[in-house]
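One structure below.
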Amino acid sequence: MLAVAVAEARAGLAEGGIPIGAALFTADGELLGRGHNRRVQDDDASTHAETAAFRAAGRRAGYRDTVMVTTLSPCWYCSGLVRQFGIPRVVIGEARTFHGGHDWLAEHGVEITLLDDPGCAAMMAGFVEARPELWFEDIGRD
């Protein structure tokens with residue numbers, strides 16, 4: 001499942017954007033939706049990877065049987081999406097570059113799997129080094 005999110009992150013980077021990818025799956029592994037951070041490409045600060053994957057999945061009556069997979073620890077905005085819709089499990093590629101809201105999610109009953117994937121960490125570290133202004137804009141820091 002992480003491979004889908006990584007492919008999305010690479011697509012975002014190739015488009016000149018921020019390399020964060022995500023995908024929403026059923027608990028059995030069926031892909032529902034995938035997406036990547038498109039803040040730069042769409043000039044839209046709300047188009048984070050998790051929200052793009054969520055939107056691509058379309059409308060569902062419930063999300064209790066889903067898993068959100070993301071290359072980077074979800075920010076507070078995306079963590080709120082997970083809580084709002086009751087997504088019970090989040091798989092995270094890495095949290096070295098950015099430690100988002102996954103501890104908070106865990107405190108509220110969301111199952112967190114932190115993979116500490118070296119490829120995800122290297123991709124983000126390289127991006128932060130090359131484009132710090134975009135990175136700090138993305139995480140809301142000056």
Euclidean distance, [Y] [atom2] relative to [X] [atom1], rounded to 0.5 Å:
{"X": "Leu81", "Y": "Met68", "atom1": "CG", "atom2": "CE", "answer": "5.5 Å"}
{"X": "Ile92", "Y": "Leu115", "atom1": "CD1", "atom2": "CG", "answer": "8.5 Å"}
{"X": "His99", "Y": "Glu94", "atom1": "NE2", "atom2": "CD", "answer": "11.5 Å"}
{"X": "Cys120", "Y": "Leu2", "atom1": "SG", "atom2": "CG", "answer": "4.5 Å"}
{"X": "Ile20", "Y": "Trp135", "atom1": "CD1", "atom2": "CH2", "answer": "5.0 Å"}
{"X": "Leu13", "Y": "Arg131", "atom1": "CG", "atom2": "CZ", "answer": "10.0 Å"}

Can you check whether [Y]'s main-chain N or O pairs, donor with acceptor, with [X]'s side chain at less than 3.5 Å?
{"X": "Thr66", "Y": "Pro88", "value": "no"}
{"X": "Ser79", "Y": "Cys75", "value": "yes"}
{"X": "Thr26", "Y": "Glu30", "value": "yes"}
{"X": "Thr70", "Y": "Ala22", "value": "no"}

When you look at Arg83 and Trp104, which way does the side-chain contact (heavy atoms from CB on, under 4.5 Å) test go after all the steps? CA-CA 10 Å; Arg83 285 269 298 147; Trp104 176 75; 3.3 Å; yes
Quick one: are [X] and [Y] in side-chain contact, heavy atoms under 4.5 Å?
{"X": "Ser46", "Y": "Thr51", "answer": "no"}
{"X": "Leu32", "Y": "Phe25", "answer": "no"}
{"X": "Leu24", "Y": "Ile87", "answer": "yes"}
{"X": "Leu134", "Y": "Val128", "answer": "no"}
{"X": "Val110", "Y": "Val82", "answer": "yes"}
{"X": "Val67", "Y": "Val91", "answer": "yes"}
{"X": "Leu105", "Y": "Glu111", "answer": "no"}

Which pair of heavy atoms, one from Gly21 and one from Ala9, lies closest together, and at what distance? N-CB, 3.5 Å
At their closest point, which heavy atom of Leu31 faces which heavy atom of Arg34, and how far apart are they?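 Heavy-atom minimum between the residues: CD2-CD, 4.1 Å.
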Tyr77 and His48 aromatic ring geometry - parallel, tilted or perpendicular at 30°/60° bounds: perpendicular
Taking the inter-plane angle between the rings of Phe54 and Tyr63 on a 0 to 90° scale, is it parallel (under 30°), tilted (30 to 60°) or perpendicular (over 60°)?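 The arrangement is tilted - the two ring planes meet at 30° to 60°.
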Shared hydrophobic cluster, Phe85 / Trp76 (ILVMFWY, side-chain heavy atoms < 4.5 Å):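 Result: yes, single cluster for both.
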Can you check side-chain contact (heavy atoms from CB on, under 4.5 Å) on Thr113 and Val90, steps first, answer last? CA-CA 6 Å; Thr113 303; Val90 177; over 6 Å; no
Please check if atom CD in Glu129 has more than 12 non-hydrogen atoms from other residues, nucleotides or ligands closer than 6.0 Å. no
Heavy-atom count around Arg55 CZ within 6.0 Å, excluding the residue itself: above 12?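 Count over threshold, so yes.
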Of Arg38, Arg10, Arg39, the residue whose pairing with Glu15 passes salt bridge (Lys or Arg N to Asp or Glu O under 4.0 Å): Arg38
Assess the residue pair Arg89 and Asp65 against the criterion (salt bridge (charged side-chain N to carboxylate O under 4.0 Å, His left out)); give the C-alpha distance rounded to whole Å, side-chain angles, the decisive distance to 0.1 Å, and a yes or no. CA-CA 9 Å; Arg89 183 171 178 225; Asp65 67 335; over 6 Å; no
Worked verdict on Leu72 versus Thr97 for side-chain contact (heavy atoms from CB on, under 4.5 Å): CA-CA 8 Å; Leu72 185 65; Thr97 309; 4.1 Å; yes
Go through the steps to decide whether His102 and Ser73 satisfy the test side-chain hydrogen bond (donor to acceptor under 3.5 Å, both in side chains), and finish with yes or no. CA-CA 6 Å; His102 68 267; Ser73 178; 2.6 Å; yes
